[in-house]
Amino acid sequence: SGKLPAHGLLKEGGRAGFQVEHQCLGKCQGLFVPAFYTQPDAPCVQCVECQLLFAPQKFVMHSHRSPDKRTCHWGFDSAKWPCYLQLGRKHQGTAEEAELKRLLDEMKEKFSYQ
Ligand SMILES: [Zn+2]
Ligand SMILES: [Zn+2]
């Protein structure tokens, strides 16, 4: 091991995105595209497995794997998606981690009016 993937930020037609993931009711990785997040229910996270786009609250309920039996999920509430959505592990421990975490926090606060 020791080889890092060559790609950093994914770019597509001038739109940049980065990897996010959740481990709720199964787990799933997706590509968050900030430019698509124009309203709270805007589909802006693309599942890396099926390529479908989901709004953040829908994405944390989306998975291709069955839930880990060791993980306790009582109290799961998709409205709390900001608590469940994390930066993708491929970005963790990299040079861009801090910047992407900041972008993710901005995304989580974008439509929160509390
Ligand atoms: Zn969970
Ligand atoms: Zn999927």
Side-chain angles (χ1 to χ4, degrees):
S1 75
K3 265 202 170 177
L4 289 169
H7 52 259
L9 293 181
L10 294 166
K11 286 197 166 95
E12 200 188 343
R15 300 183 300 261
F18 57 89
Q19 194 178 293
V20 293
E21 63 186 39
H22 74 76
Q23 302 189 16
C24 292
L25 314 176
K27 56 176 79 167
C28 196
Q29 294 185 321
L31 176 72
F32 168 60
V33 183
F36 290 173
Y37 192 40
T38 53
Q39 50 187 35
D41 59 351
C44 59
V45 184
Q46 184 182 38
C47 172
V48 298
E49 246 175 284
C50 66
Q51 321 274 290
L52 291 174
L53 278 163
F54 299 90
Q57 185 169 351
K58 296 266 165 58
F59 180 70
V60 298
M61 295 184 282
H62 176 73
S63 179
H64 296 270
R65 276 171 248 183
S66 27
D68 186 334
K69 297 229 167 42
R70 292 168 301 181
T71 314
C72 181
H73 279 107
W74 63 271
F76 174 79
D77 175 1
S78 69
K80 294 180 188 152
W81 66 265
C83 304
Y84 307 125
L85 197 64
Q86 308 162 349
L87 188 62
R89 70 196 57 190
K90 81 167 191 189
H91 298 304
Q92 289 171 19
T94 65
E96 75 255 21
E97 180 179 10
E99 170 69 3
L100 293 179
K101 277 200 168 142
R102 193 185 60 76
L103 287 173
L104 189 59
D105 284 344
E106 254 174 35
M107 173 247 201
K108 290 174 177 180
E109 282 158 21
K110 188 166 181 182
F111 297 110
S112 112
Y113 306 109
Q114 297 155 28

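Source: prediction; values computed, not measured.
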Taking C-beta and beyond as the side chain, do P56 and F32 meet within less than 4.5 Å on heavy atoms?
no
If hydrophobic clusters are built by linking Ile, Leu, Val, Met, Phe, Trp and Tyr wherever their side-chain heavy atoms come under 4.5 Å apart, do L52 and Y37 end up in the same one?
yes
When rounded to the nearest 0.5 angstrom, what distance separates CG in D105 from NZ in K101?
9.0 Å
Nearest non-hydrogen partners of P43 and L53, listed with the distance:
CB-CB, 3.8 Å
Supply the atom-to-atom distance H22 NE2 to M61 CE, rounded to the nearest 0.5 angstrom.
9.5 Å
So which atom in C24 and which in F76 form the shortest heavy-atom distance, rounded to 0.1 Å?
CB-CE1, 3.4 Å
Can any side-chain N or O of Y84 pair as donor or acceptor with the backbone N or O of D77 at less than 3.5 Å?
yes
Charged N to carboxylate O under 4.0 angstrom, E106 versus K110?
no
Can you find a heavy atom in the side chain of C28 that is under 4.5 Å from one in the side chain of E49?
no
Can you tell if the side chain of L85 reaches within under 4.5 Å of the side chain of K108, non-hydrogen atoms only?
yes
How many angstroms lie between CZ in R65 and CD in Q23, if you round to the nearest 0.5 Å?
9.5 Å
Find the distance between CD (E96) and CZ (R102) and round it off to the nearest 0.5 Å.
13.5 Å
When the ring planes of F59 and F54 are compared, do they come out parallel, tilted or perpendicular, using 30° and 60° as the limits?
tilted
Distance from F18 atom CZ to L87 atom CG, nearest 0.5 Å?
6.5 Å
Any salt bridge (charged side-chain N to carboxylate O under 4.0 Å, His left out) pairs touching residues 19-29, not counting sequence neighbours?
E21-R89
Do F111 and V20 sit in one hydrophobic cluster, given that two such residues count as connected whenever their side-chain heavy atoms are within less than 4.5 Å of each other, even indirectly?
yes
Nearest heavy-atom pair of F36 and C44: which atoms, and what distance?
CB-CB, 3.6 Å
Within the 4.5 Å heavy-atom criterion, are T94 and E97 side-chain neighbours or not?
yes
OG/S112 to CE/M107 distance, rounded to the nearest 0.5 angstrom?
12.5 Å
